[in-house]
Amino acid sequence: MQTRQIIIRRLTPADAKDYRRIRLLGLQESPEAFGSAYVDERKLSDLEFRRRLGLNPDKWTLGAFQGHRLVGVVTLIRNGGRKERHKAGLYGMYVVTKSRRRGVGRELLHTTLKIADTMPGLRQVFLSVVEENYAAVALYEAAQFKPFGREEDALLVKRKFYAELLLVRRVVRAQPIL
Ligand SMILES: CC(C)(COP(=O)(O)OP(=O)(O)OC[C@H]1O[C@@H](n2cnc3c(N)ncnc32)[C@H](O)[C@@H]1OP(=O)(O)O)[C@@H](O)C(=O)NCCC(=O)NCCS
């Protein structure tokens, strides 16, 4: 099937409305995939989402656009503090159901990892993923994320506990320690 080209770019405060919409959609549609809850985040204003997208060299939220439509998002946050600045976490990966299985998630992940690979002093990117989220686990493993732990009962969603895998990926060209 012919699909429109996907453009990946960094989101800015001007994208706050679209970002809020897709974030809330994700929390509603895939509650077991995220640590945050729809009922909590829906209370947050557009202003709070604008703040989240404020320019910060340690925080990158990328969006995938199909035409003008935001169809996927992911966020990379570098840890603060001199003892942990060599690590960054990947959060909030989400692709709307209609756009799945077309390489959008992979494109978002690869672009994020390219950014991580150029951050001076960064050595690894970590994330957690619900063990039974086979689609996401396959996506991350294909990008060379390796498991380093497993948390039993990590999330409680609608009275069901979910275990999470903890994954890490070394940066491709580790920078010298600063
Ligand atoms: C996980 C998610 C982001 C994948 O996005 P996507 O755009 O459909 O993924 P892609 O089309 O880029 O697929 C890339 C790879 O991921 C894996 N994958 C994606 N969907 C899959 C599925 N349903 N079953 C098995 N593997 C799957 C495959 O390895 C795939 O490579 P392939 O197409 O060569 O087989 C998407 O399913 C999603 O948003 N899920 C709900 C939210 C979520 O689980 N987020 C992750 C939180 S940790």
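As the structure lists them, so they are numbered: ligands from 1, and atoms in each ligand from 1.
- Atom 12 (O) of ligand 1 has as its closest protein heavy atom Arg106 N, 2.8 Å.
- In this structure, of Gly72, Ser99, Ser128, Ala33, the residue bringing a heavy atom nearest to atom 47 (C) of ligand 1 is Ala33.
- Here the heavy atom of the protein found nearest to atom 44 (O) of ligand 1 is Asn133 ND2, 2.6 Å.
- Residue-to-ligand polar distances place Gly105 within reach of ligand 1: an N/O pair is separated by less than 3.5 Å.
- Residue contact check: Arg102 has heavy atoms under 4.0 Å from atoms 11 (O) of ligand 1.
- Between Arg169 and Asp117 a salt bridge is recorded (basic side-chain N to carboxylate O distance below 4.0 Å).
- In this structure, atom 21 (C) of ligand 1 has protein heavy atoms in its sub-4.0 angstrom surroundings.
- Looking only at atom types and distance, the side chain of Glu151 has no donor-acceptor partner in the side chain of Ser128 under 3.5 Å away.
- Close to ligand 1: Ser30, with a non-hydrogen atom less than 4.0 angstrom away.
- Nearest heavy atom pair, residue Arg50 against residue Pro13, reads NH1-O, 3.3 Å.
- With a 4.5 Å cut-off on side-chain heavy atoms, Leu27 and Tyr94 do not count as touching.
- Those atoms of ligand 1 that come under 4.0 Å of a heavy atom in Val104, given as number and element, are 7 (O), 12 (O).
- Close approach to Gly103 involves these atoms of ligand 1, each under 4.0 Å from a residue heavy atom: 10 (P), 11 (O), 12 (O).
- Of the possible polar contacts, none joining the Arg85 side chain to the Arg78 backbone as a donor-acceptor pair under 3.5 Å is found.
- In this structure, the protein non-hydrogen atom closest to atom 2 (C) of ligand 1 is Leu139 CD2, 4.5 Å.
- Of all protein heavy atoms, the one lying nearest to atom 8 (O) of ligand 1 is Arg101 N, 2.9 Å.
- Counting protein heavy atoms only, atom 45 (N) of ligand 1 is closest to Met93 O, 2.8 Å.
- Counting heavy atoms from C-beta outward, Gln124 and Phe148 have side chains that stay 4.5 Å or more apart.
- At a heavy-atom cutoff of 4.0 Å, ligand 1 is contacted by no atom of Tyr91, backbone or side chain.
- Proximity of a side-chain donor or acceptor of Arg23 to a complementary backbone N or O of Val73 within less than 3.5 Å is not detected.
- Rounded to the nearest 0.5 Å, atoms CE (Met93) and CG (Leu76) are 10.5 Å apart.
- Taken from CG in Asp18 to CZ in Phe49, the straight-line distance is 12.0 Å, to the nearest 0.5 Å.
- Of all protein heavy atoms, the one closest to atom 38 (C) of ligand 1 is Arg100 NE, 3.5 Å.
- For atom 39 (O) of ligand 1, the closest non-hydrogen atom on the protein side is Val95 N, 2.8 Å.
- Closest protein heavy atom to atom 27 (C) of ligand 1: Ala135 CA, 3.6 Å.
- In this structure, CG in Leu155 is found 9.0 Å from OH in Tyr162, a value given to the nearest 0.5 Å.
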